[in-house]
Amino acid sequence: MQDPIREDDARHSRLSNPLLDFVIIGAEAQLKAWQAYQVEGTQFVAKRMRADLEFLRSLGHCSEVQSMGDCRQAWLRDMQADYGEEWGRIVATTLALDFTDFSAMGWLFGKRAAQTWPGTEPQPQPQPQSPPKLHAAA
């Protein structure tokens, strides 16, 4: 089925392709997710690299084994806390992306569906009726 479109007062036509529309929306969501994860991952790696360099600096100032052990334990505790926080941020990013993607994909059931797939226009919903009243026998 061809849909006529007007552009600069010239008649053009294009094929209606719901599958292509779906693929484009999916690719846009995937690009958005990759970008969000890259930003989050880059910030985390930079933070950990700074912490590792600071650990190496502090090791250079340790003069005995006990202070080196304490320094290493503090570094391990900080690393464990950082990874736990990062896991939480990744989960939060994933949930945020999922919810925004689901709302963006509302086109499957909304106005855009009616434009994309003929015959899928939203149907009017019947109004709820109150139940019949029963008369009590006296």
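Atom CD of residue Gln73 and atom CG of residue Asp78 lie 12.0 Å apart, to the nearest 0.5 angstrom. A distance of 9.5 Å separates CD in Gln35 from NZ in Lys32, rounded to the nearest 0.5 Å. Atom CG of residue Leu53 and atom CE of residue Met49 lie 6.5 Å apart, to the nearest 0.5 angstrom. From Glu86, atom CD reaches atom NZ of Lys47 across 8.0 Å, with rounding to the nearest 0.5 Å.
Phe44 and Asp82 get closest at one heavy-atom pair: CE1-O, 3.6 Å.
Follow the hydrophobic side-chain contacts under 4.5 Å out from Leu56 and you reach Met79 in the same cluster. If you chain together hydrophobic residues whose side chains sit under 4.5 Å apart, Val39 and Ile90 never meet in one group. Transitive grouping of hydrophobic side chains (ILVMFWY, heavy atoms separated by less than 4.5 Å) brings Trp87 and Leu95 into a common cluster.
Taking the side chain as every heavy atom from C-beta outward, Gln80 and Leu76 never approach each other to under 4.5 Å. Looking at heavy atoms from C-beta onward, Arg72 lies out of side-chain contact with Arg77 at the 4.5 angstrom threshold.
For residues 52-61, the set of pairs meeting the side chain to side chain donor-acceptor pair (under 3.5 Å) definition, not counting sequence neighbours, comprises Arg48-Asp52, Asp52-Trp75, Glu54-Arg57.
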